[in-house]
Engineer: 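Let me begin by handing over the structure; questions about it come next.
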Amino acid sequence: HTPIAVTAVGADALTKSNVVSVVALNGIVPSMNVSRNNGLQRVIAIRGIGYETAQNISSQPGVAFFIDGVYIANNIATGLDLVDVDRLEVLRGPQSTLYAQSATGGVINMITNQPKLGGAVSGQADVSYGNYNLLKADASLNVPIGDTFAVRGSLQTFSHDGFAKVPELGNYDLDNANDFTGKIGATWKPIEHFSANLRSE
């Protein structure tokens with residue numbers, strides 16, 4: 001057995017810390033730093049190893065980002081809002097054996113809630129409001145259809161005013177947000193040892 005430095009952050013901890021995107025993980029995951037670069041670009045570094053050439057389209061990140069096992073190659077996509085997330089797993093150190101060449105610094109695995117088979121229809125909704133007209137509202141609904149098929153959908157809106165203004169541009173807001181994200185997924189499990197999943201965000 002080889003020890004691996006792993007930090008797992010569950011949905012409750014993400015909610016309590018108001019983590020709505022990967023950028024907001026600063027200070028929550030030890031030895032990981034996430035910063036903005038060149039507008040929408042993101043630079044993620046674990047133990048100082050990261051992606052320092054975001055403007056070079058031929059370079060590759062040093063920290064790999066996965067959503068439900070799917071590799072997300074473009075670092076702009078790490079700015080997506082976290083919607084209906086079950087947990088985030090951060091693996092520190094080289095992980096190239098399992099996650100290929102873009103995992104020199106480590107890996108971020110985002111695991112979302114999957115459709116649940118059987119049982120009754122279930123769902124939840126939350127609304128938060130704060131200063132700078134911050135509004136965060138999300139809802140999810142799980143619909144099982146028999147014992148072999150289920151559909152789950154989620155919606156989230158996140159917005160706030162800018163934290164600073166540029167007087168020369170007519171008090172233009174800096175770092176404001178106006179995001180809307182939706183996700184839908186379906187799971188089919190006709191037999192015990194086979195399942196198929198379809199997901200769109």
Side-chain angles (χ1 to χ4, degrees), residues 7 9-67 72-88 90 102 105-106 108-110 112-113 123-141 153-184 199-201:
T7 298
V9 185
D12 289 342
L14 293 172
T15 300
K16 289 177 182 178
S17 301
N18 195 34
V19 175
V20 296
S21 67
V22 175
V23 177
L25 287 172
N26 275 324
I28 294 177
V29 177
S31 69
M32 186 174 87
N33 180 267
V34 186
S35 59
R36 297 176 186 269
N37 181 278
N38 194 31
L40 293 176
Q41 305 278 3
R42 302 294 189 274
V43 173
I44 302 174
I46 297 178
R47 293 174 173 169
I49 300 174
Y51 189 27
E52 301 302 334
T53 55
Q55 295 83 6
N56 186 347
I57 60 174
S58 63
S59 65
Q60 296 188 14
V63 176
F65 180 54
F66 287 81
I67 299 178
I72 307 300
N74 193 317
N75 69 336
I76 293 178
T78 58
L80 288 172
D81 288 347
L82 307 183
V83 178
D84 203 19
V85 173
D86 177 62
R87 67 189 183 278
L88 282 173
V90 178
S102 294
I108 300 173
N109 276 325
M110 187 170 87
T112 64
N113 290 311
Q124 63 86 34
D126 292 298
V127 177
S128 302
Y129 186 79
N131 58 353
Y132 293 94
N133 285 322
L134 183 144
L135 174 65
K136 179 178 180 288
D138 59 77
S140 63
L141 182 67
S154 305
L155 296 172
Q156 178 175 287
T157 181
F158 176 71
S159 62
H160 62 74
D161 294 340
F163 301 130
K165 294 184 181 294
V166 182
E168 293 83 0
L169 297 177
N171 286 331
Y172 181 81
D173 281 345
L174 291 177
D175 204 29
N176 60 332
N178 187 21
D179 302 333
F180 180 81
T181 307
K183 187 191 76 167
I184 189 166
R199 177 182 179 277
S200 179
E201 181 170 341

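Only a predicted model underlies this, so the values are computations on that prediction, with no experimental measurement involved.
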Engineer: Determine the sole option in Leu155, Asp84, Asp126, Asn113 for which the side-chain contact (heavy atoms from CB on, under 4.5 Å) test with Ser140 is passed.
Structural biologist: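 Testing each of Leu155, Asp84, Asp126, Asn113 against Ser140, the sole residue satisfying side-chain contact (heavy atoms from CB on, under 4.5 Å) is Asp84.
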
Engineer: Please step through side-chain contact (heavy atoms from CB on, under 4.5 Å) for the pair Thr112 and Arg199, ending with a clear verdict.
Structural biologist: CA-CA 10 Å; Thr112 64; Arg199 177 182 179 277; 3.7 Å; yes

Engineer: Measure across Gly162 and Tyr132 and return the closest heavy-atom pair with its distance rounded to 0.1 Å.
Structural biologist: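 Of all heavy-atom pairs spanning Gly162 and Tyr132, the closest is O-CD2, 3.5 Å.
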
Engineer: Could you point out which residue of Val127, Thr157, Asn18, Thr15 forms a side-chain contact (heavy atoms from CB on, under 4.5 Å) with Lys136?
Structural biologist: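 The residue from Val127, Thr157, Asn18, Thr15 that satisfies side-chain contact (heavy atoms from CB on, under 4.5 Å) with Lys136 turns out to be Asn18.
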
Engineer: Less than 4.5 Å apart, any side-chain heavy atom of Ile108 and any of Val22?
Structural biologist: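 A side-chain contact exists here, since the closest heavy-atom pair is under 4.5 Å.
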
Engineer: Within the structure provided, determine whether Met110 and Val85 are in side-chain contact (heavy-atom separation under 4.5 Å).
Structural biologist: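 When only atoms from C-beta onward are counted, Val85 and Met110 do touch, with a gap below 4.5 Å.
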
Engineer: So Leu174 and Lys165, side-chain contact (heavy atoms from CB on, under 4.5 Å) or not? Walk me through it.
Structural biologist: CA-CA 6 Å; Leu174 291 177; Lys165 294 184 181 294; over 6 Å; no

Engineer: Between His160 and Asp175, what is the shortest heavy-atom contact and its length?
Structural biologist: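 Closest approach of His160 to Asp175: CE1-O, 2.9 Å.
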
Engineer: So Val34 and Met32, do their side chains get closer than 4.5 Å, heavy atoms only?
Structural biologist: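 Answer yes - side chains close enough.
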
Engineer: Might you work through the side-chain contact (heavy atoms from CB on, under 4.5 Å) test for Ile44 and Asn33, ending with a clear yes or no?
Structural biologist: CA-CA 6 Å; Ile44 302 174; Asn33 180 267; over 6 Å; no

Engineer: Do Leu25 and Leu14 come close enough that some side-chain heavy atom pair is under 4.5 Å?
Structural biologist: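 Yes. Closest side-chain heavy atoms under 4.5 Å.
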
Engineer: Where do Phe158 and Asp81 come nearest, in terms of heavy atoms and distance?
Structural biologist: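 Closest approach of Phe158 to Asp81, heavy atoms only: CB-OD2, 4.0 Å.
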
Engineer: Could you tell me which non-hydrogen atom of Asn176 sits nearest to which non-hydrogen atom of Asp161, and how far apart they are?
Structural biologist: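 Answer, listing the atom of Asn176 first, then Asp161: CB-C, 3.8 Å.
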
Engineer: Looking at Tyr172, I want to see if its OH is surrounded by more than 12 non-hydrogen atoms of other residues, nucleotides or ligands under 6.0 Å.
Structural biologist: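 Count not over threshold, so no.
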
Engineer: Which atoms form the tightest heavy-atom contact between Ile28 and Ala24, and what is the distance?
Structural biologist: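 It is CD1-O, 3.9 Å.
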
Engineer: Heavy-atom distance under 4.5 Å between the side chains of Asp138 and Gln124, does that happen here?
Structural biologist: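 A side-chain contact exists here, since the closest heavy-atom pair is under 4.5 Å.
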
Engineer: What pair of heavy atoms forms the shortest contact from Gln156 to Leu82, and how long is it?
Structural biologist: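 Heavy atoms of Gln156 and Leu82 come nearest at OE1-O, 3.4 Å.
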
Engineer: Do Asn109 and Leu88 make a side-chain contact, defined as non-hydrogen atoms from C-beta onward lying under 4.5 Å apart?
Structural biologist: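 Asn109 does not reach Leu88 side chain to side chain.
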
Engineer: For the pair Ser31 and Ile46, evaluate side-chain contact (heavy atoms from CB on, under 4.5 Å) and give the outcome as yes or no after the intermediate values.
Structural biologist: CA-CA 6 Å; Ser31 69; Ile46 297 178; 4.3 Å; yes

